[in-house]
Asks: 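Have a look at this one.
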Amino acid sequence: MVIVVAVVWLALDQVTKYLAEQHLTQGDPIPLVGGLLQLRLIYNSGAAFSLATGATGLLTILAVSVVVYIIWSARRLGSLGWAWGLGLLLGGATGNLTDRLFRPPNFGEGHVVDFLALPNFPVFNVADMGITAAAILIGWQALRGVSPDGSRSGGDAADERRPDPADD
């Protein structure tokens, strides 16, 4: 499930970035939804919210590490919520990593295509939406006491996994 969600999200991210580059002009915003949403093409060399703009190479290494860790962890998942969360995280991280690896100015130092803008909020892309949704899903699972392996802990005593009395 993790890989399926990741591949779908990566494809959606890359298609929308392609369309943004084909149909938008940098510095020329297009208002949508009564101005609530704008299409505004920018190229981001930093992390989320344009932080760490001078550390693109380090961000690339970090993204590769996240991708490898998620793929390695996915085989031990027993929770659909965690699978969706990690799939969205993997798809989003891979989407932005693809930009960093293959876009100008250099391999591993490429700028990420961002094109969605809300009022008083940094410009973002579909990969960023996946990463944000993943954080919410993973946080929700953790608050509910659901571990990646599907077991439950903490919270209400009825939610805790207990050994089956038939095993005695």
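For reference, positions follow the sequence shown, starting with 1. Quantities reported herein were computed from a predicted structural model and do not represent experimental measurements.
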Asks: Can you give me the closest heavy-atom contact between Pro119 and Gly35, atom names plus distance?
Replies: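 Looking at all heavy atoms of both residues, the closest pair is CG-O, 4.2 Å.
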Asks: Can you tell if the side chain of Arg152 reaches within under 4.5 Å of the side chain of Val146, non-hydrogen atoms only?
Replies: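 They are in side-chain contact.
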Asks: Is there a path of hydrophobic side-chain contacts, each under 4.5 Å between heavy atoms, that joins Leu80 and Val5?
Replies: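 Same hydrophobic cluster.
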Asks: Applying side-chain hydrogen bond (donor to acceptor under 3.5 Å, both in side chains), can you list everything that pairs with Thr16, at least two apart in sequence or on another chain?
Replies: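 Partners of Thr16 by the side-chain hydrogen bond (donor to acceptor under 3.5 Å, both in side chains) criterion come out as none, since no residue qualifies.
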Asks: Any non-hydrogen side-chain atom of Thr25 less than 4.5 Å from a side-chain atom of Leu41?
Replies: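 No; the side chains remain at least 4.5 Å from each other.
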Asks: Looking only at heavy atoms, what is the nearest atom pair of Gly85 and Ala134, with distance?
Replies: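 Result for this residue pair: O-CB, 3.1 Å.
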Asks: List the steps and the verdict of side chain to side chain contact (heavy atoms under 4.5 Å, CB included) for Phe115 and Ile30.
Replies: CA-CA 10 Å; Phe115 60 93; Ile30 299 173; over 6 Å; no
Asks: What are the two closest non-hydrogen atoms of Ala83 and Leu77, and how far apart are they?
Replies: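 That closest heavy-atom pairing would be CA-CD1, 3.8 Å.
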Asks: Taking Leu118 as the starting point, is it possible to reach Leu39 by hopping between hydrophobic residues whose side chains are less than 4.5 Å apart?
Replies: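 Hydrophobic grouping puts Leu39 with Leu118.
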Asks: Do you know which two heavy atoms are closest between Gln38 and Pro29, and how far apart they sit?
Replies: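 Scanning both residues completely, I find the closest heavy atoms to be OE1-CB, 3.5 Å.
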Asks: Would you give the length of the straight line joining atom CG of Leu90 to atom CG of Leu10, rounded to the nearest 0.5 angstrom?
Replies: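 Separation between the atoms: 8.5 Å.
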Asks: Group every Ile, Leu, Val, Met, Phe, Trp and Tyr by side-chain heavy-atom contacts under 4.5 Å, then state whether Val33 and Phe121 land in the same group.
Replies: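 Hydrophobic grouping puts Val33 with Phe121.
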Asks: Check the side chains of Ser79 and Gln141 for a donor-acceptor pair under 3.5 angstrom, ignoring hydrogens and angles.
Replies: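 Note: Gln141 and Ser79 side chains meet the donor-acceptor criterion.
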Asks: Could you list who else is in Val15's hydrophobic cluster, with ILVMFWY side chains joined at under 4.5 Å, directly or through other members?
Replies: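 Members alongside Val15: Tyr18, Leu19.
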Asks: Out of curiosity, Asn106 CG to Leu101 CG, how far, rounded to the nearest 0.5 Å?
Replies: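 Rounded to the nearest 0.5 Å, the CG-CG separation comes out at 12.0 Å.
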Asks: Using the rule that Ile, Leu, Val, Met, Phe, Trp and Tyr join whenever any side-chain heavy atoms are under 4.5 Å apart, tell me whether Phe102 and Ile42 fall into a single cluster.
Replies: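 No; Ile42 is not reachable from Phe102 via cluster members.
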Asks: Rounded to the nearest 0.5 Å, what separates atom CG in Leu37 from atom CG in Leu116?
Replies: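 Separation between the atoms: 6.0 Å.
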Asks: Asn125: what forms a side-chain hydrogen bond (donor to acceptor under 3.5 Å, both in side chains) with it, not counting sequence neighbours?
Replies: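 Asn125 satisfies side-chain hydrogen bond (donor to acceptor under 3.5 Å, both in side chains) with Asn96, Asp114 only.
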Asks: I'd like to know if Trp84 and Val2 are part of one continuous hydrophobic network [Ile/Leu/Val/Met/Phe/Trp/Tyr, side-chain heavy atoms within less than 4.5 Å].
Replies: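 In one cluster with Val2: Trp84, no.
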Asks: Can Leu89 and Ile131 be said to form a side chain to side chain contact (heavy atoms under 4.5 Å, CB included), step by step?
Replies: CA-CA 5 Å; Leu89 182 58; Ile131 293 167; 4.2 Å; yes
Asks: Would you say Tyr43 and Val112 make side-chain contact, with heavy atoms under 4.5 Å?
Replies: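 With C-beta onward as the side chain, the pair stays apart.
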Asks: Quick one: does Pro105's side chain get under 4.5 Å of His111's, heavy atoms only?
Replies: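 Of all side-chain heavy-atom pairs linking His111 with Pro105, at least one is under 4.5 Å.
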Asks: Considering only residues two or more places apart or on different chains, which pairs with a residue in residues 3-16 satisfy salt bridge (Lys or Arg N to Asp or Glu O under 4.0 Å)?
Replies: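 Qualifying pairs, neighbours excluded: Asp13-Lys17.
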Asks: Is a donor on one side and an acceptor on the other found under 3.5 Å between the side chain of Trp9 and the backbone of Thr94?
Replies: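 No, Trp9 side chain to Thr94 backbone: no donor-acceptor pair under 3.5 Å.
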Asks: Can you list, pair by pair, the side-chain donor-acceptor contacts under 3.5 Å of residues 61-76, counting residues two or more places apart and other chains?
Replies:
{"from": "Ser65", "atom 1": "OG", "to": "Ile61", "atom 2": "O", "distance (Å)": "3.0"}
{"from": "Ser73", "atom 1": "OG", "to": "Tyr69", "atom 2": "O", "distance (Å)": "2.9"}
{"from": "Arg75", "atom 1": "NE", "to": "Trp72", "atom 2": "O", "distance (Å)": "3.1"}

Asks: By the salt bridge (Lys or Arg N to Asp or Glu O under 4.0 Å) test, which pairs, at least two apart or in different chains, include something from residues 18-43?
Replies: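 Residue pairs with at least one partner in residues 18-43: Glu21-Arg103.
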